[in-house]
Structure formats: C-alpha cells, structure tokens
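Here is the structure we will look at, set down as structure tokens.
In this text the structure is predicted, and so the values were computed from the model without any measurement. All chains are named by letter (A, B, ...) in the order of the sequence lines, taking the proteins before the strands, and each is independently numbered beginning at 1.
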There are 2 protein chains.
Amino acid sequence: MTLKDIASSLGVNASTVSRALDPHKAHLVSEGTVDRVRAAAKQLGYRGDRVAGALRRGVTGTVGVIVADLANPFIAPVIHGIAQSLAPRQMLPMVIETNDNASELESSLDHLLSRRVDAVICAGARFSNRDVLEEAGRSTPVVIAVRGLSNSVLAQVLHDDRAGGAMAARHLLGLGHTRLAELRGPDDVGNFVSRHLGFREACAEEGLAVIDLPEVGERPIREAGEHLARLLIDLHGDAMPTAVFAHNDLMALGALSVFRQHGLTCPTDISIVGYNDSPTIDQVDPPLTSVIYPGIKVGRSAGEVALQLINEPAEHAPGAMFPPRLAVRKSAAPLVNDPFLGRTHAT
Amino acid sequence: MTLKDIASSLGVNASTVSRALDPHKAHLVSEGTVDRVRAAAKQLGYRGDRVAGALRRGVTGTVGVIVADLANPFIAPVIHGIAQSLAPRQMLPMVIETNDNASELESSLDHLLSRRVDAVICAGARFSNRDVLEEAGRSTPVVIAVRGLSNSVLAQVLHDDRAGGAMAARHLLGLGHTRLAELRGPDDVGNFVSRHLGFREACAEEGLAVIDLPEVGERPIREAGEHLARLLIDLHGDAMPTAVFAHNDLMALGALSVFRQHGLTCPTDISIVGYNDSPTIDQVDPPLTSVIYPGIKVGRSAGEVALQLINEPAEHAPGAMFPPRLAVRKSAAPLVNDPFLGRTHAT
DNA sequence: CTGTTAGCGCCTTCAG
DNA sequence: CTGAAGGCGCTAACAG
C-alpha cells in the first residue's frame, strides 16, 4: 500500500496524493480531491513510509541517545525527559548503551550516525570520548548531557554537580562535622569529578581537609560504596570521619551496610549524604539525606537543545545548567559525640 | 560521501564498493579491490547510510518498543534486556511511551509501523488494546511483554504473575495470617489481574476470603498505595487485616507510610508483601519482602522472540513465562498478636 | 570478478 | 490545481 496504489485507485498522480496527505501542502490541492484521497487512504489502510520519506528529505525524525547503562535506574527519568521533548514533533529517541565502556561509545556513535539521526544526545561520556564526540559534532548536532566535558565546544546540558558537592559539604559542616570523607565515583566522568571538586572546595573554604582515599569507585554502584567504606575503615579506623559524602545513593547504601556491619550506627556514629534522591531513598533506614538530581528536567532540556540545534546549527553552543537542591532527611545529623577520636577500630 | 563517491575516486562501480564493504559479500570481490575500497572508505570517512539500505532491503534493523511510562523505574531493566538481545545483530530499539493511555498506544503503534520497524514489543498493553495489537500483528511481528493479554494469538513473554500472587499469599498464610487484604493495581492490566487471581486462589485453597476493597489503584504508584491503605483503614479499621499484599513495591511503600501515620507498625501490627524487588527496597525500614520481578530476563527474552519472529513468522506464536521468586525480608512476620480484632480504629 | 540496470517509496522541482 | 520526471543512497538481479 503505497502512494502510487492510492493514486491509481483514484486515477490521479502520486504527487497529488502526497500533497493531499501532507497537512502543510493540502492547501495546494482542491478540496474535493483532498477528501477523496483521505477517504481512500483510510479505507485502504495506507500508512506513510517514514523510511522513504527520510531518505528523500534527508531528515529521519530521530535523535540518537547514548547512555552508559540502561539498567541504572538513574538514567530512566533522563530518557523520559528526552522522549517527552521530542514527542510533540513526532520524533523518537534511538537509545544505545555503551556499558560505560569508552570504546563502545565510539562504535555506538558511529552506529547512530549511520542511521542518520538528526542529532545525538550523549548522556554517557567519559573524558576520553571528547574528541570523537566533537568530531561528530562537526557534521551532526551533538548535545552532551548529564556527564559534562570540560573545555568542549559542544552544547552541554548538565546539573550543577559542583554546586551539589559543595551543598553536601556545607550541610555536613553546618552540622558541626570537621572530619569528612568522600566516597568518589569514577574520576574520568564529569559529574563525579565536579562533585568531588565542589565538596573539596567548600571544605577548604572552612580550612578543612577531606580525608583522602587512594581509590575511587570504578563504577558508581553499591559494591563500590561497600568497597570504599571498607577501605575507609581499614585506613582510618583509628580516626574515622564523622561524616561521609557518597557520590550517589547506591554507594551511600553500600557504605551504610558496611558501617552497620562494623557496629557504626548512622547517623549517631557517622553521617551520610548521598546523591540523586532515588525513588525510594526516603524510606530506607535511616531516610537518606541526598542531593536531588532533576533527571527529567535535564532530559527534557537536552531534547530541547537538540531540537534547537537541528533547526539552526549555532556557532555559540547553547546549553543549560540546573541547580541542585538538597533533600534533608535523617542520615546526616549534628555531631554529638566522636567515638573514634584516638581510638583504634577493629577491622 | 556516498558509495558513488568512493566508486568514482577509485574508477570502479558503486556495486563493487557496496559488495566490498559488506562482509557477507566481500568474497565476491578480488582481494586487491576489497583492500583498495576499504582504504578509500576509511580515508574519505565514508559511513554507510542505513536509511537508504533500509529502503532498499525492506528491513530497518529496528524494533519498536512500547512502554507505558519510562519514568517508572521498573521498566528500565526490561528495555535494557531488549537492547542487549538486539545489540549483537546491530539492531536498535525505538522506544515510545503511551503515558499508560490506551488511545495513545494506538497512535504510538501507528507511528512505529510507519517507521517500518521490523517488529514491535509491547510492554504497556491494556486489555482494550488487544484488537489493534492483533491487527498490527497480521503484518508485522508483535510480541506482548510484561503485561499479558488473555485469549490472544500474539506471542507473549511474561513473568508468571499469577504464581507470584499465589506465592505472596502462601508466604503470608504460612506465617499464620488469616485476615488478608490486597492493594490492587489497575484491573485492565494483565499482570495486576494475574497477581490478584493468584492471590485469591491461594487464599481460597485455605478456605480464606480476602478482604475486598471497592477500588483498585488507577495507576500502580505510591499515591495509589496510600489511598488504598486509607480506604482499608476507613472501611475495615474495626477488623483490620493483619497482612497486606501490595501489587508492587511503590504501593507497598505508600501503604507503609499511611499505616505508620495511623500508629500501625510493620511487621508487628501488620505484615506487608510487595512486588518487583525494586533496587533499594531491601534497605527500607523494614526491609520489604517482595516478589522478584526478573525484568532483564523478560526483556531479553522478548527481544529474542521478536528476532525469531522476524526470521520466520510462526503460525504457533512462541513465548516464554518466567517463574517468580520471593525475596523474604522483614516486612512480613509471623502473626503474634492481633490488636484489631473487635476493636474500632480511629481514622 | 565487475559493471549495468532498475528500482525501494517518497517528495520536490518544473511544467502545464 | 495537477502531472511528469528525477533522484535521495543503496542493493539485488542479471549480464558479461
């Protein structure tokens, strides 16, 4: 069932059918013909072929979306936001995963480009991907979302992780804590680096040094939180920090369970701040204080920037930066006692 | 940069270039030519146009995926599984949301079909969508996933929600509970109906009737859990059930908070079983006993069935059904006292 | 082994 | 207002 079929069934030309069926062109066709064409199309169950249309027009109505890992629940709202912003234009995201692997990102990008996506939104970049992304950006609009790239000419839609890190620090400092530690996410991923910097800086402003762990989480998951918490106890059990900033909620939960195993109660013995404000995190024990990540907004904005870039490739890349907010709950509390000062803790 | 450009730069025909670049056809071309073509392609930065290829071949290498709501974290693993199963074939999912709206599903389906997806996986069906889905299935492979359709000829890849409901019931019965209630999800969505039936039946086997609420949740979200819990207290406060089966974890958490507001402690006063075993649900207070939903497996299997159907449209629709497992935690405990028997509870 | 030819289905000139 | 022609980039069939 093609335009031609309808045309011949009506004794008109395919061009006429094409025009009659396109709302923007129907005015070029006599009303009677438009009606007859529409009736025939409906009756024959005609459905336009967007693949053929895409080839002819040179635009596909798709936006490629690169994510590190779809199984990470944190990314779902971002994709939701992207899909929302594209839907009114009848455009669809094409989502591809990289397994958080820098070289897979390259082939994913290539794959999307070979499908002639109208734009790419990369929500899973590592620093080492900058060059390929910028290279792609020269021929197709590319938006960097979620995980920022420093010194890049590309449009970036981010959450202000640096301010978020600082916010976590100031909250803990305001509660009277002076010995703080960080459980860091990967150090080649923009948002974790920013969280780290923000946290550091805010502490430095108060003249405090943050306890330094010799490792960062390779992936920002629960197991990394457990591992780093153990490391913290191993290395600093004799002078444990009274407050910990985990780079995301999963890591915070991992740390929480390890601390608990070691007889440390949160928040009495140790305060914890997480990141993302994940769906059920307000009902864990204790309810986790967490920096709110506005995933839907970031996604929606990234989609809008992509659309904008598709319409008019800008010299000066537009972008957006969303401010953090803090969900204050129970896992971070005022410093009351300091059970570890000078004491050696069994590991 | 097209095949023709490479061809003319090398003084050969576009067909030769096409063949040389296709791993399955390169053997038809002399080695020397293959090498020269590949070199030229790489040097000129050639990237095949899958849109043109799709038009010519009649297959797009895409699978349409219909979901109710991307923001529901429960669906992320399913999409992950689908993407995983398609990736080795260089195929990509095209995900579209319906906002859990039956009529939007119809236009979403139409949209996907106009993009000539090679198959459709519908993970967001309501009963009323059966006819349009089956109609679509006559021309394109359609797989029903997650939310089943009764009496349908379509391939279905599901989790055994009926057995899951029964499992929840038996667990509670085994703990000695005799007054049970359900907080139900939408009654025109397959998995919730199955959970309901399974729960009912298992209770009936023990000769027990389940307390009936005059409403079900319109959407399976936290607010519905809160609402139904309030309704339960309003209507049955004088003889509250000692155990509740919430149709998913979000509803369970909503109910939990309402019970708590009313002075009911879980599990001492009331036991709760949820569904899905959501990511952080093991660390809420109390850790939630929950039926495990194998989202990744369901997704992966749905993808595989779709691929199979693409290869050979089957008479007898293949399908799969995954068994439930129970994650036993603290939110459901043995019946010890029964504080509500005969007592009127303030609402 | 390579070239020629002929479209896939659509949309956009350009004529009438 | 409508028709005819051409081609987007690719690949399959057929020759040679």
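Distance check, rounded to the nearest 0.5 Å: OH of Y46(B) to CZ of R38(B) gives 13.5 Å. Distance check, rounded to the nearest 0.5 Å: CG of L55(B) to CG of D49(B) gives 10.0 Å. Taking CG of N191(B) as the start and OH of Y293(B) as the end, the distance is 6.5 Å to the nearest 0.5 Å. A distance of 7.5 Å separates CD1 in I82(A) from CD1 in I75(A), rounded to the nearest 0.5 Å. With rounding to the nearest 0.5 Å, the separation of CG in D118(A) from CG in L112(A) is 11.5 Å.
A donor-acceptor contact closer than 3.5 angstrom is absent between the side chains of S18(A) and S15(A). Side chain to side chain, E97(B) and S108(B) fail the donor-acceptor criterion of an N or O pair below 3.5 Å.
Side chains of L105(A) and N101(A) form no contact here, defined as non-hydrogen atoms less than 4.5 Å apart.
Here the P atom of nucleotide dG9(D) and the CZ atom of R115(A) are 18 Å apart, to the nearest Å. Between the CD1 atom of I6(B) and the P atom of dG9(D) there is a distance of 13 Å, given to the nearest Å. The distance from atom CG of N13(A) to atom P of dG9(C) is 16 Å, rounded to the nearest whole Å. The interatomic distance linking L3(B) (CG) with dC8(C) (C1') rounds to 15 Å, in whole Å. Summarising the geometry, the separation between CZ on R36(A) and C1' on dC1(D) is reported as 13 Å, rounded to the nearest angstrom. As rounded to whole Å, 18 Å separates atom P of dA6(C) from atom CG of L55(B). We find that CG of L10(A) is positioned 15 Å from C1' of dG3(D), with the value rounded to whole Å. When the P atom of dG9(C) is taken as reference, atom CE of M1(A) falls 11 Å away, rounded to whole Å.
Close to dC10(D), at under 4.0 Å from its OP1 or OP2, lies no side-chain N or O of R57(B).
The two atoms that bring A14(B) and A7(B) nearest to each other are N-CB, 3.5 Å, heavy atoms only.
At a non-hydrogen distance threshold of 4.0 Å, S18(A), R19(A), K25(A) from residues 16-34 of chain A come into contact with DNA chain C. Proximity of residues 44-53 of chain A to DNA chain C (heavy atom under 4.0 angstrom from any strand atom) is restricted to Y46(A), G48(A), D49(A), A52(A), G53(A).
When each of V12(B) and R56(A) is assigned the nucleotide of DNA chain C with its nearest heavy atom, V12(B) is the one assigned upstream, toward the 5' end.
Side-chain proximity of T2(B) to the nucleotides dG9(C), dG9(D), dA12(D) is greatest for dG9(D).
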